[in-house]
Structures are given as C-alpha cells and as structure tokens.
Amino acid sequence: MSAGLDFNIDLTALEEAMLNGSHGEAVHKAMVSVLKYGEAMDAERLVNITGAPHLVTSFGAGVIEPYFQIIDQLLAEGLKTSVPFTVNPRPVDEENFNYGFLEKLAFRFMYKKQDAYEKQLAGLGLQNKDAFTCACYLPQVGNWPAEGSILAWSESSAVVFANSVLGAKCNRNSAGLDILCNILGKAPYYGLLTDEGRMASAMIELKTDTLPHPQLLGSVIGQEMMEEVPYLVGLREFLGEEMNRQVMDYLKDMGAASAASGAVGLYHAEGLTPEAKMHRRSLLQNNYRRVVIDDQKLHSALQSFPVLWKNANARPQLCFIGCPHLSLEQLDYWVKKIAARLQRSGRKKAKAYTLLCAPPAVIEEYRHNNPGDCEMLHRAGVDLSFLCPLMYLNNPLSAKKTVATNSGKLRTYTAARFLLDEQLLGECIT
Ligand code: F3S
C-alpha cells in the first residue's frame with residue numbers, strides 16, 4: 001500500500017479510510033485515480049453519486065488490455081456497482097447486420113475479447129445482456145436519472161441529455177474513470193456538478209423560419225460554444241413547452257451533435273428544459289454574449305461539411321440512421337418513411353444498405369409489434385441493428401465504404417457524409 005498520499009481535496013473520514021486501504025487494495029487504487037483526476041480538475045471535494053451508472057466502454061478490443069486488468073482487480077475483490085448499470089452499444093451485431101466475409105473476420109479479430117469483457121461487465125453489475133445502448137434513458141432501457149441526481153457518465157450524448165433534458169448533474173468524464181467513480185460511489189465536485197458551472201455563458205437566439213434539423217442545429221451550437229453552456233432562446237416557438245417524447249427525441253439528437261462538434265455537456269432551452277423552466281434567464285452569467293443562429297448560418301454550416309469520400313460524386317453504399325440510437329417512436333417514423341418511399345417509387349430494394357440503429361429492447365418491441373414491416377424492410381435491404389455505427393467504421397475495411405448519415409456525431413468522427421433527412425432518403429432509398 002502506498003503511504004503518505006496527500007491530495008489537495010477535502011475528504012470525509014470514510015473517504016480517508018477508502019484511500020488508506022481499509023476497504024482493500026482495489027478501492028485504494030480507484031481512490032488514488034479519482035483523486036488525481038479531481039485534483040487536476042480543481043475539485044475541492046468528492047460528492048456521492050446518486051444515479052445509476054452508464055459506462056462508455058462497450059467493446060472488447062485487445063488494445064485496451066490494461067483496462068481489462070483493472071476490471072479484473074475490481075472483480076477479484078468482489079466489487080461491483082451499488083445499482084445495475086447500462087453501457088454503450090456493442091461494436092458488432094452479427095444477428096442483424098449483413099457483414100461481408102472479410103469484414104466479419106476482421107471484426108472478430110478486432111473485438112476478440114468481447115465475450116470475456118461482457119462477462120466482466122456482468123460481474124460488475126450490468127443491468128442485463130441487452131443493456132447496450134447510448135440512449136440508456138429511453139423507457140425500454142430504463143436508466144432514467146432523477147432530476148438533480150449526481151452521475152459519473154462518460155458517453156457525451158448521454159451526458160448532455162441527462163444534464164439538459166433530465167436536469168441530472170454530470171461532468172463529461174473519461175472512459176475508465178466512469179467505472180472507478182461508480183465503484184466508489186464518489187465523483188469529484190467540479191464543473192457541471194456545481195451551480196456556477198451550470199450557468200450559461202451565451203444566449204443563443206434561434207431565428208429561423210422553420211424548426212431546423214436537430215443534428216444540423218446541434219452541430220452549429222457545438223461549433224459556436226465548444227465546451228461552454230448555452231441558453232437557447234426560440235426553440236419553444238417550434239417545440240412548445242411540453243417535454244413529450246417527440247421533443248425529447250429532438251433534444252436528444254440536437255444535444256448529441258453539439259457534444260460532438262463541440263464539447264457541450266449542458267444546454268438550457270428556454271421554457272423547455274427543467275432548469276430553464278425554474279430559473280429562467282437568471283441562468284445567464286453577467287457578461288454573457290449573444291449568438292444568433294439563422295437559416296443563413298445553418299446553410300453555411302451545411303455547405304462547409306467536407307465530403308471525405310475518395311470520389312465525392314460516388315453513391316452511398318451504406319446508410320446509418322440512429323446515432324445516437326433511435327427511440328421506438330423514431331424507429332416507427334423511419335420505417336414508415338422508408339416503406340412509403342419504396343412504395344411510391346415502385347422499388348423493391350433500397351439503393352444503399354440501410355441500418356436503423358436502436359437499443360436492443362426497442363428493436364425487440366418494434367419487431368414484436370410490427371413483424372410484417374420488419375420482414376418487408378429486410379427484404380428491401382433495410383435492417384434494424386443495435387450496433388454503434390462509429391465502432392463499425394473503426395474497421396479499416398468498413399471505413400472504405402461510402403457511408404451517408406443524418407448524424408452530426410458520425411459526420412464529426414468519421415468520413416461519413418452528412419445529409420438532411422429527405423436528401424438521405426433520396427440518395428439511399430430511392
Ligand atoms: Fe451512440 Fe455510437 Fe452514435 S455510442 S451516439 S451510436 S457513435
């Protein structure tokens with residue numbers, strides 16, 4: 001046990017004991033890591049985590065062997081999270097995705113530790129074998145943190161949703177730190193956990209003629225704000241003030257794009273999100289700046305997205321919809337849209353192999369209720385899948401394909417080409 005560890009962070013008697021090894025070597029090491037991280041972020045103290053965990057690391061890639069060794073140490077000392085947790089989407093979906101032979105081999109090699117890692121996750125307290133999705137807060141998955149609860153999540157799209165739409169409190173943590181904090185039940189108190197860290201430094205005024213595409217708007221918000229907190233004015237003119245499923249889905253997609261093109265971890269939307277409803281414009285810092293987003297700015301942003309395909313005029317071979325994962329209602333919307341397009345055009349097959357990505361439980365419910373539609377779509381080259389498109393594109397063989405998407409996040413991190421919904425349907429379906 002290392003002696004003489006001294007951190008510039010106030011600790012309770014229990015935390016001191018955890019640091020000093022009274023709760024075992026693994027807890028001691030986890031405390032050291034969390035405190036070092038907290039010190040680097042100028043945290044004054046630790047706070048208790050009060051919401052269920054969600055982990056970002058969902059893939060058993062051999063290159064992260066040290067991470068698996070850390071999990072082994074936690075398990076060897078019988079440690080697990082105090083409540084069941086969810087985790088990001090699986091990297092591979094052999095059940096639903098139509099892989100090429102070589103592609104499948106490459107994935108099996110890349111993620112050869114997947115089964116072993118999933119056993120580790122089960123030992124640590126994974127909610128169930130289907131708890132793999134970034135949209136863990138959807139009702140079919142059920143990891144819905146209460147307003148005001150303290151979390152230590154890392155998945156950027158889930159963090160921004162939990163903070164903004166649900167009013168939970170969570171920093172954008174790093175992979176690995178999420179599991180350590182949640183094993184300890186402690187998070188360093190800084191940034192978005194504090195009242196001052198949740199104040200907005202800018203007022204974004206939306207001045208568009210119609211409701212913008214959520215992922216395009218989110219991409220522009222991210223570019224404008226980077227990691228700052230915006231206070232959005234003008235959304236409720238289009239979305240109303242009721243936080244219903246449709247509004248949540250819009251905010252889910254907008255937030256995910258803002259978290260990827262910038263590093264937005266929290267936004268307030270006037271008249272809509274819980275803190276903005278309660279505190280209104282008192283959430284704005286004294287010297288806040290004003291930013292206007294209008295149709296012209298959105299159009300310019302769309303034009304500025306580079307086409308990273310080798311041949312910019314090529315046709316898409318693959319289309320991903322559902323990054324972040326689709327809700328049941330969004331899945332239904334897309335299935336109906338695609339089916340109508342195919343019928344109208346008289347086509348039997350979609351032009352590009354199309355994947356609608358959603359949590360396993362959402363896919364199961366949808367299939368159960370709509371078996372005929374799913375079968376028809378499958379025959380047309382449109383599948384429902386629980387994988388993460390970004391992890392799919394980590395495979396160099398897959399990354400060579402010309403991929404189209406309506407996801408700002410996928411566009412930011414890969415060579416996938418961003419298209420607005422109608423254009424995407426035109427290019428990929430008919
Ligand atoms: Fe979710 Fe993967 Fe997209 S984690 S947000 S589907 S990149």
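Every number for a ligand or one of its atoms is a count from 1 in the order of the listing. In what follows, every heavy atom counts, from backbone to side chain, and hydrogens, waters and symmetry copies are set aside.
Counting only N and O atoms by type, the side chains of N98 and Y353 include no donor and acceptor under 3.5 Å apart.
Taking the ring centre of F386 as origin, the terminal cationic atom of R90 falls inside the region bounded by 6.0 Å and 45° from the ring axis. For R411 and F418, the positive end is not near the middle of the six-membered ring at less than 6.0 Å and at most 45° from its axis.
At a threshold of 4.5 Å between non-hydrogen side-chain atoms, the residues R198 and K169 count as touching.
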Show which side-chain atoms of residues 56-69 pair as donor or acceptor with protein atoms under 3.5 Å away, not counting sequence neighbours.
residue : atom : partner : partner atom : Å
S58     : OG   : P89     : O            : 2.6
E65     : OE1  : K113    : NZ           : 2.8
Y67     : OH   : Y117    : OH           : 2.9

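Sorted by chain and number, the heavy-atom contacts of ligand 1 below 4.0 Å come from N88, P89, C134, E155, S157, C323, P324, C388, P389, L390, K409.
The salt bridge (Lys or Arg N to Asp or Glu O under 4.0 Å) with E427 is formed by just one residue from the set R315, K351, R341, R417; it is R315.
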